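Quantities reported herein were computed from a predicted structural model and do not represent experimental measurements. To find a chain, count down the sequence lines: A is the first, B the second, and so on, and within it residues start at 1.
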There are 2 protein chains.
Amino acid sequence: MTLDERKKKILESIIRDYVETAEPVGSRAMVKKHDLRISAATVRNEMADLEDMGYLEQPHTSAGRIPSERGFRYYVDCMMEKEPPGEREYALLQQLFEHNVEDWEQVILGIAHFLSQMTRYASFVIVPAAKFSEFRNLQLLPLDQGKALLLLLSDMGVIMHRIISIPELVSSQDLQAIAELFNQAFRGKRLEEVKRSDLQLIRESLSQRRRIIDNALEAIDNLLQNSRDEKVWVSGALNILNEPEFKDMEKLKRILNVLEEDDSLRQIIPGELGEAVDIKIGRENSVEEIQEMSLVVAGYKSFGELGKIGVIGPVRMEYWKAVGTVEIVRDIIEDYLKGLG
Amino acid sequence: MTLDERKKKILESIIRDYVETAEPVGSRAMVKKHDLRISAATVRNEMADLEDMGYLEQPHTSAGRIPSERGFRYYVDCMMEKEPPGEREYALLQQLFEHNVEDWEQVILGIAHFLSQMTRYASFVIVPAAKFSEFRNLQLLPLDQGKALLLLLSDMGVIMHRIISIPELVSSQDLQAIAELFNQAFRGKRLEEVKRSDLQLIRESLSQRRRIIDNALEAIDNLLQNSRDEKVWVSGALNILNEPEFKDMEKLKRILNVLEEDDSLRQIIPGELGEAVDIKIGRENSVEEIQEMSLVVAGYKSFGELGKIGVIGPVRMEYWKAVGTVEIVRDIIEDYLKGLG
DNA sequence: ATTAGCACTCAATAAGATAGAGTGCTAACA
DNA sequence: TGTTAGCACTCTATCTTATTGAGTGCTAAT
C-alpha cells in the first residue's frame, strides 16, 4: 500500500503537528501552518481518504484528525528520516566517559540516564544475565578474625564478593588450595552450566575443611540462584508526567507501576532483536498496561550476549529523534564494551 | 499549653477521621461516628475553642475542621501512642534475613523497601559515606593478559573493586609488594584522611613499576573524590500517587522530582538525630518543595557512623503507625549491623 | 480535480440553579 | 454554668442549560 506524494505530505504534517501539540489537527489550521499550496477543502478530502485507509482517526465527528497507530507505523516504515542528536548532546555524551571511574555496569547506567534526558522519555537498559558469562577465577582471601573474602570473577568482571566466616586456624595456603579446587572444576565453564551437583561434588571430594567449603558453596549457590536473570534499569520514568495523555491519575499509576517493576518490563521488551532499531507502537506491544505507549529498542553485544537499551514513551512520540538517539547510544555502548575486552 | 480531656478526645477524633478520609470533619458526623456522649452543638463549641488555640482550621466557613500542623504536632507530642507493626508484618520482616545473600547495603535497601510497603509511604535510607570507614586492606590480584584486579577493603567491607591494566611482565610477587606498600601507608587510617598528597608520596617512593602504581592511584583517587557523600535511596515514592492531596499534577511533579533527586533529599533529612524517632511536620521542614509533607526519621549506628532511615508522606499521615514501624525497623537494622561486626 | 460556501456536529466553557453538609448564634434547660 | 435543641445562614460541589467555536461533509461552481 503506497501513498501518493500529496497524501504523504499531509500525513507527515498531521503527525508532526500532533506529536507537537497532542491535539487533533484540523484541515484549516494545518494548511495555514505548513502553508501547503492547496485549500482546506482539498485537505479535507485527502484526510477522509487517509481515514478510510486507516492511517488517521477522528476522536469525534467534529474534531480534527489524529494519526492512528497504523498511521504512525506507515510513517515510521516508509517515510521517516531518523534524526541523530545534535553536536552539543553528542559532546556531552562523550564526556560521560572521561571520568571513567565506575565499573562498566555503572557506565552503561549513566548512558541510559543521559538517554532519558536527551529524549525526554523514560529510558531502560537490560544488562545480560551474569549466568551466561564464563567462569574465570575464584579467590579466597584471608581477612582478620575468622573471616575471608570470597571473590568470583568471570569475563564480565567481578560477579560477586562476599565475606564468609572461616575457622580461626586456616592458613592462607589452605585457602588458596581450596580456591584452586574450585578453579580447576569450573574454569572456562559458563556460570549457567555450574550445577548444584557440581558443587556437591566438590564438597565431597574435600571433606576436611568442610566449614569453609560449605560457606563458600552456600554463597555461590545463592549467587547462581539469585542472579539468573538479566538486570533491568529504568531512568527518567517521571518524564511521562509531562505528557498530556497521562494527566489521568489512574492511567499514570498503572504505567509508572509497570515501569517500576522489573518483571513487567522484562515481559514488555522484545526478546529477539536484529541489527536495526526495533519499534513497537501502542497495541503492537503485547502487555496490556502499556498499549498506549511505544517502545524504541536496540540490542547491543555485551560479552557475547545480547543487551538491550531503548526508550519508552507515548504513542505520540518523536520517533525520528528517538530512533536516531537510541541508535547512536547503542553504538557508543558497543564501542565502549569492545574497548574493555 | 495543655488541653482538658474532652478537648483532647475531640482533637484525636478529628485527627483520626481526617487522616482516614482526607475530608474536613464536621461536628455532627463526628459525634455519630465515635459516639461521644455529647451533642454536636457542644462539639462545635469545643471546636471553635480548638480553632482559636490554633490546633484546628477551617478550609472555608461552611466546611468542617481539619487539624492544623500545630494540631498534629500537639497530638504527636502529647497524646500519641505509637503502634508497632503487627505480628504478620514483623514475621515477614524477619524473613528478609533468611536468604542473606546480599551484601549489607543490599540488605538495608531491602528493609527500606519493605518499610515503604508496610507504611504505604515513601521510605528512604541514608547509608553513611564510605569515607568515614577505616582502611583495612588493599589487594592487587593478577588476572590474565596485562590486567589486575584492584580491591579495596575497609571495615565496612569491600569498598571498591576495579580492573586496572598492568604491564604484561609483572609477577604476582611484584603486585603483592606494591599492595603491601599501600597497606603500610594507609592501614588504620580513615579513608577521608587519605589525601592526594599521600598518594603522591607513594608514587614517588616507588618509581619503578610506575604504570601499575599510576593506574592504581588513579582508581583510588577517583574513589576518594566520588564517594565522599553518603548514599541516599528512596523506595515506594509512587505511594504518594494514592494520596488525594496530590491529585494535582503540578504538585505531584514537584514532589516526585524531589524524591528522585539525591541532593534535594540530603537537604531535607535532618542532619542530627537523637535516640528517639524524629518527626518533621509540614512547614517544620525547611525545604520548600516538601512543606506539604511530613518526615519520620530514625538514626542508626553503622560502623560507628550515623545512618538514617524513615518515611516521607503527607502531613495527613498515620504518625502512630509510621513511628512504630520506623522504630522497629531501625532496631532491626542496628541488630543486623551489630551481628556483622 | 479543486475549491468556496454552508449547514451541521460536538466538546469545551461559562453561567445559573440546587442540594447538602456544616457553622454560629440564641434561647431554653438541668 | 455548662449543655443542648433549633434555626438561619454560608459555601462548595454538582447538576443543568446555553453558548461558543473549531472542524467536518456535502454540494455546486470553477
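- One can place CD1 of B/I66 at 15 Å from C1' of D/dT12, the figure rounded to the nearest angstrom.
- Going from atom CG of B/D49 over to atom P of D/dG2 covers 11 Å, rounded to whole Å.
- By the 4.5 Å heavy-atom criterion applied to side chains, B/E46 and B/I38 are not counted as neighbours.
- Atom CD of A/E46 is separated from atom P of C/dT3 by 11 Å (rounded to the nearest Å).
- Distance CZ (B/R6) to C1' (D/dT1): 12 Å, rounded to an integer number of Å.
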Give me, pair by pair, the N or O atoms of the protein and of nucleotides 20-29 of chain D that are less than 3.5 Å apart, along with how far apart they are.
{"residue": "D/dT24", "atom": "OP1", "partner": "A/S27", "partner atom": "N", "Å": "3.4"}
{"residue": "D/dT24", "atom": "OP2", "partner": "A/S27", "partner atom": "N", "Å": "3.3"}
{"residue": "D/dT24", "atom": "OP2", "partner": "A/S27", "partner atom": "OG", "Å": "2.6"}
{"residue": "D/dG25", "atom": "OP1", "partner": "A/R65", "partner atom": "NH2", "Å": "2.9"}
{"residue": "D/dG25", "atom": "N7", "partner": "A/R44", "partner atom": "NE", "Å": "3.3"}
{"residue": "D/dG25", "atom": "O6", "partner": "A/R44", "partner atom": "NH2", "Å": "3.4"}

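- Remark: C1' of C/dG20 and CD of B/E23 are 14 Å apart, rounded to the nearest angstrom.
- For B/D17 and C/dG22, the CG to P distance is 11 Å, given to the nearest whole Å.
- Judged by distance alone, with hydrogens and angles left aside, the side-chain atoms of A/N285 form a donor-acceptor pair with the main-chain N or O of A/M293 at under 3.5 Å.
- Other residues, nucleotides and ligands contribute at most 12 non-hydrogen atoms within 6.0 Å of the NZ atom of B/K32.
- If you look at A/Y319 and A/Y75, their ring centroids are not closer than 6.0 Å.
- Between the OH atom of B/Y18 and the C1' atom of C/dG22 there is a distance of 16 Å, rounded to whole Å.
- At least one donor-acceptor pair closer than 3.5 Å links the side chain of A/R316 to the backbone N or O of A/V19.
- Side-chain atoms of B/M118 and B/L93, non-hydrogen and from C-beta on, do get closer than 4.5 Å to each other.
- Among D/dT4, C/dA11, D/dT12, the nucleotide with an atom closest to any side-chain atom of B/H60 is D/dT12.
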